[in-house]
Amino acid sequence: MEANSSKKKGRISRVRHWCSKHFSDVPLLSWLIGAPVAAVLEDFVGTPLALGLGLPKVPVLFGFVLMLKKPLLIPSILIYMILIYILPVVVTAKLTAPLFNRLASKLLNVSGRLSVVIHLLLLYAGLHLWSSISAYRLLTLKLTLIAVMVTLSLNVINGYMGEFSCSHPGFMALGAYGASVFTVLLFVNDKIFGPAHLPAYLAPYMFPIALILGGCLASLGALAIAIPSFRTRGDYLAIISLAFMFIVKSMIENLEVVGGPRGLSSQPDLAALPIVFIWAVLCIWITNNFVRSTMGKALNAVRDNELAADAMTVNTRRTKIIAFLFGAFWAGVAGGLFAHVLRYVNPGTFGIQKLAEVLAMVYFGGLNSVYGSILGAVSLSLLSEMLRPLEMLKWIIIPLLLILLMIFRPTGLISFKEFDVIKLIQPRNNSREKS
Amino acid sequence: MPLLQVKDMSHDFGGLRAVNNYNLSIEPAQIRGLIGPNGAGKTTIFNLITGIYKPTEGSIIFNGHNIVGKFPHEIASMGIGRTFQNLRLWRHMTVLEHVKMAQYSKITYGIIGAFFGTAKRNREEAEIEERAFKLLDMLGIKELSDQKVVNLPYGAQRKVEIARALATEPKILLLDEPTAGMNPEELAQMMDFIRQIHSELGLAIFLIEHRLRVIMELCEIVQTLVFGEVIAEGPPDEIKNNPKVIEAYLGKEMVA
Ligand SMILES: Nc1ncnc2c1ncn2[C@@H]1O[C@H](COP(=O)(O)OP(=O)(O)OP(=O)(O)O)[C@@H](O)[C@H]1O
Ligand SMILES: [Mg+2]
């Protein structure tokens, strides 16, 4: 058993070595240009190739669902993945590397911000093309982006600040209902809320306001938790926040104006992919700014030793309250997006299962790390979709995976790592040119 | 006018009177010592001055202001820096981050700056970093700046704690057993370190110590505390020969 695993480890490190040898000079820009190339390729030859390989249709989420249903098709799916995704991306990345290294360094010289925007545009292009093939892909992608926001915002509280908060589904619910009521009231002819008050063409412009309103509502709820919880030292937060989550849920269930347990529907169609993408990027950008500033690092000081933080002039109570409201705000915005992506919400969504999901993403991805939250949210969202055919078994496999992770990497996959965007987008030519 | 003046301060933990009728007066740039057996109440006095506990009775005047009832972070920003008997470093942070963090009260960019990375924030962060490097350089531990504190040897961790306290730009520095658990070599280094700080920054230092040698060499005036009460106060030589002190405190540790 042990010899086997060490052999496996050896192989993994050899693969990693091989990759770093051949791809260490590929800048992020080249990888990002590879993605749209692969997506375009899939658009043109995906269907014939899939049919030729004996697949019923283009594998929607990397073919995992199909693999589980019909294991005999695994080789065909792997060939498809290699031909459509891996080869095109790798070849494009490798071929464009010399050119794009020069381009990346030029861009960086002009302006770091501009370079970041161009990278994001490329990333968006890749995602857009990839998701345009099927509605299911698009939905999964949007929900994944929302999951990233929720996870990151909880990481601020549970990871960066080291408290244990359980109220995130409650914040999402407040944001979802707050934003929905706003848009439905203003732009929809609704049985309960009456006729539309504003013309529909204004809706896209008012949508940010709706989301911010939802976020503020969540922050207000957070304040109700923060005041009693942070007054004294001690672990009251976990229990108070858990209670809060249940209170919000049952409050909405009993609020007939917003549909009670049946939920609220007919939100206008405002959460297109670019909108969700922009909000997710905004959330990551602002959060990363915050946690990398000395003011944000105060969260770590409070977590690692609160008494010392106090003695070093840190206003610990204010720090904790700001971080908590900040986390709640983004959960609220994510909730608002969630409601407008599905165009339907019900209180049942924001219960203990959602909490388990979000906590899993935070702790699986890695505490105190933006990378970790992105990785955790993306991998668990996809995994959860991929394992859908297993039904009940899924709820055994995912927790099992989490337990294993907790044993081998107690702080998650990528924890305590700074998300340095400028470093990420730097050209990578130096290693080659020197040797 | 004394920099720090404590008048008739007492503190009870439940039924236990940990500090009784304590008086203190420290002039600017003075080094003072506080000795006493285990459990005498020395650390409690530090905690009272820095606002962690609120005294049951008495007043604490710092720089002309009564600071009783203020929050610990307010007292720290007014100019009382401290270290802890058992190190209280932030285990996931680097040395540089420690020294930057301690300048928290100087931040004026606010949450807008923190969230949006404004020009003002970048400028202030750069200033904070520059000051941090300057301090580390002065203290001779600049080369440690990128290290996570948990990876440092004990003596260096003690220095980092002092550096961090100095970054708050205190007018008085409270050191709680800065040489606890050190070997003779580290001890000598630490004493030089404290002397250097005092001469370069000219701040007042109030020092809790167990080792008489440190007190003898560094302090001008020493108080001896036993069961929460000061039983003797004076220059180190006097204290060393005071029969009450020998009986209550030194008797046990020095004669042996
Ligand atoms: N938070 C507290 N609650 C109750 N009792 C306390 C508390 N802190 C200290 N004490 C008690 O107060 C007395 C003084 O403690 P203190 O820590 O000030 O002693 P000290 O002189 O610093 O001793 P040492 O040399 O061991 O550090 C002790 O009897 C201690 O048990
Ligand atoms: Mg003590």
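The sequence lines fix the lettering, A, B, ..., with proteins before strands; numbering per chain opens at 1.
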### Query
Do side-chain atoms of B/Trp90 reach the backbone of A/Ala301 as a donor and acceptor pair under 3.5 angstrom?
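Checked: pair present.
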With a 6.0 Å cut-off (strictly less than), is the heavy-atom count around [atom1] of [X], excluding the residue itself, greater than 12?
X        : atom1 : value
B/Lys7   : NZ    : no
B/Glu143 : CD    : yes
B/Phe71  : CZ    : no
B/Asp146 : CG    : no

Taking all atoms of both residues into account, what is the closest heavy-atom pair of [X] and [Y], and its distance?
X        : Y        : value
A/Met312 : B/Arg164 : SD-CG, 3.6 Å
A/Ala311 : B/Ala76  : O-CB, 3.2 Å
B/Arg121 : A/Asn289 : NH2-O, 3.0 Å
A/Met295 : B/Tyr109 : N-OH, 3.4 Å

### Message
Using a 4.5 angstrom heavy-atom cutoff, name the option from A/Val314, A/Thr287, A/Asn368 with the most pairs to chain B.
### Response
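It is A/Val314.
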### Message
I'd like to verify something: which residue of A/Asn315, A/Asn300, A/Val291, A/Ile286 has the highest number of heavy-atom pairs under 4.5 Å with chain B?
### Response
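Of A/Asn315, A/Asn300, A/Val291, A/Ile286, A/Asn315 has the most heavy-atom pairs under 4.5 Å with chain B.
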Rounded at 0.5 Å granularity, tell me how far [atom1] in [X] sits from [atom2] in [Y].
X        : Y        : atom1 : atom2 : result
B/Phe115 : A/Trp285 : CZ    : CH2   : 11.5 Å
B/His73  : A/Asp310 : NE2   : CG    : 7.0 Å
B/Ile111 : A/Ser293 : CD1   : OG    : 11.0 Å
A/Leu307 : B/Ile52  : CG    : CD1   : 4.0 Å

### Task
Under 4.5 Å, counting heavy-atom pairs only, tell me which of B/Ala102, B/Pro170, B/Ala165, B/Gly81 racks up the most with chain A.
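The candidate making the most pairs under 4.5 Å is B/Ala102.
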### Message
Just so I understand: if I count every heavy-atom pair under 4.5 Å between each of B/Met93, B/Arg82, B/Met78 and chain A, which residue has the most?
### Response
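Counting heavy-atom pairs under 4.5 Å, the top option is B/Met93.
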At a 4.5 Å cut-off on heavy atoms, which part of [X] comes close to chain A: side chain, backbone, both, or neither?
X        : value
B/Ile107 : side chain
B/Ser77  : both
B/Leu89  : backbone
B/Phe116 : both

### Query
Once the angle between the rings of A/Phe416 and B/His92 is folded into 0 to 90°, is it parallel (under 30°), tilted (30 to 60°) or perpendicular (over 60°)?
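Parallel.
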### Message
Less than 4.5 Å to any heavy atom of chain B: does that hold for the side chain of A/Ile322, its backbone, both, or neither?
### Response
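Contact with chain B involves the side chain of A/Ile322 alone.
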### Message
Less than 4.5 Å to any heavy atom of chain B: does that hold for the side chain of A/Arg303, its backbone, both, or neither?
### Response
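Side chain only.
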### Query
Would you say the side-chain atoms of B/Gln103 and A/Thr294 include a donor-acceptor pair closer than 3.5 Å?
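The answer is no; no qualifying pair exists.
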### Query
Are side-chain heavy atoms of B/Glu97 and A/Lys297 found at a separation under 4.5 Å?
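B/Glu97 reaches A/Lys297 side chain to side chain.
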